[in-house]
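The block underneath contains the structure these notes are about, expressed in structure tokens.
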Amino acid sequence: MSTAQGRPARIHPACPTSAFPVQVGGKWTGMAVLCLAAGPLRFTDLRAQLAPVTAKVLAETLRDMQRDGYVERHDHPANPPHVEYELTALGHSLIELIDAARAWSRRHPGAVPPA
């Protein structure tokens, strides 16, 4: 199921992305990249799309992705303040790899045990 912006409405834990034969970052990195592919998202919107992830784990994942150069964090000093995350060019370049891994996972169901 997708939203009007082409983002997944919610990524299911059984998504082939969670059983990548190759892992970039942590378990949630690939799924976060897919959610951010259509544009920047606030932390709460990203967490809603990655429903089973805890706030702590998502925050750690985003920090790691920022450290690795996959996302940029934008602080907005509005009232109330909020933060958005956006893929960098390097982060966007992962989409091709993720799409290939998802296609492979669909062709080989059960080949890689879920994490």
Side-chain angles (χ1 to χ4, degrees):
M1 176 169 43
S2 293
T3 65
Q5 296 85 17
R7 292 187 180 108
R10 184 175 282 199
I11 293 187
H12 192 276
C15 172
T17 307
S18 66
F20 275 172
V22 174
Q23 193 166 358
V24 175
K27 173 182 178 177
W28 296 99
T29 302
M31 291 180 267
V33 167
L34 293 176
C35 290
L36 293 168
L41 286 174
R42 290 174 135 182
F43 181 89
T44 53
D45 295 330
L46 186 54
R47 184 161 179 235
Q49 289 184 25
L50 298 171
V53 72
T54 65
K56 177 183 182 244
V57 170
L58 181 56
E60 290 170 355
T61 298
L62 291 168
R63 262 194 304 276
D64 291 346
M65 291 175 71
Q66 187 177 9
R67 178 203 63 217
D68 295 340
Y70 303 146
V71 297
E72 289 181 344
R73 175 188 160 116
H74 302 286
D75 293 299
H76 297 278
N79 191 8
H82 66 275
V83 175
E84 283 185 333
Y85 292 89
E86 181 175 21
L87 288 179
T88 62
L90 183 62
H92 275 286
S93 75
L94 292 174
I95 294 170
E96 184 178 353
L97 173 64
I98 292 167
D99 287 344
R102 291 174 77 197
W104 183 91
S105 296
R106 283 191 291 272
R107 287 191 309 273
H108 301 90
V112 178

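Hydrogens, waters and symmetry mates play no part in the numbers below; they use all other heavy atoms, side chains included.
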Residue pair L34 / R102, side-chain heavy-atom distance below 4.5 Å = yes
Side chains of residues 76-90: which donor-acceptor pairs under 3.5 Å do they make with residues two or more places apart or in other chains?
unit_1: H76; atom_1: NE2; unit_2: E84; atom_2: OE1; d: 3.2
unit_1: H82; atom_1: ND1; unit_2: R42; atom_2: NH2; d: 2.8
unit_1: Y85; atom_1: OH; unit_2: R73; atom_2: NH1; d: 3.1
unit_1: E86; atom_1: OE1; unit_2: H74; atom_2: NE2; d: 3.0
unit_1: T88; atom_1: OG1; unit_2: G69; atom_2: O; d: 2.5
unit_1: T88; atom_1: OG1; unit_2: Y70; atom_2: O; d: 3.3
unit_1: T88; atom_1: OG1; unit_2: L90; atom_2: N; d: 3.3
unit_1: T88; atom_1: OG1; unit_2: G91; atom_2: N; d: 3.1

Should Q49 and L41 count as side-chain neighbours, where that means a heavy-atom distance under 4.5 Å?
-> yes
Pairwise distance CG(L94) to OG1(T29) - rounded to 0.5 angstrom | 9.0 Å
Residue pairs involving residues 47-63 (criterion salt bridge (Lys or Arg N to Asp or Glu O under 4.0 Å); sequence neighbours excluded) | K56-E60
Do the side chains of L62 and L46 get nearer than 4.5 Å, heavy atoms only?
-> yes
Can you name the one residue among L50, L36, V53 that meets side chain to side chain contact (heavy atoms under 4.5 Å, CB included) with M31?
-> L50
Contacts of type salt bridge (charged side-chain N to carboxylate O under 4.0 Å, His left out), residue D64, not counting sequence neighbours | R67
Does L58 reach the side chain of W28, with side-chain heavy atoms less than 4.5 Å apart?
-> no
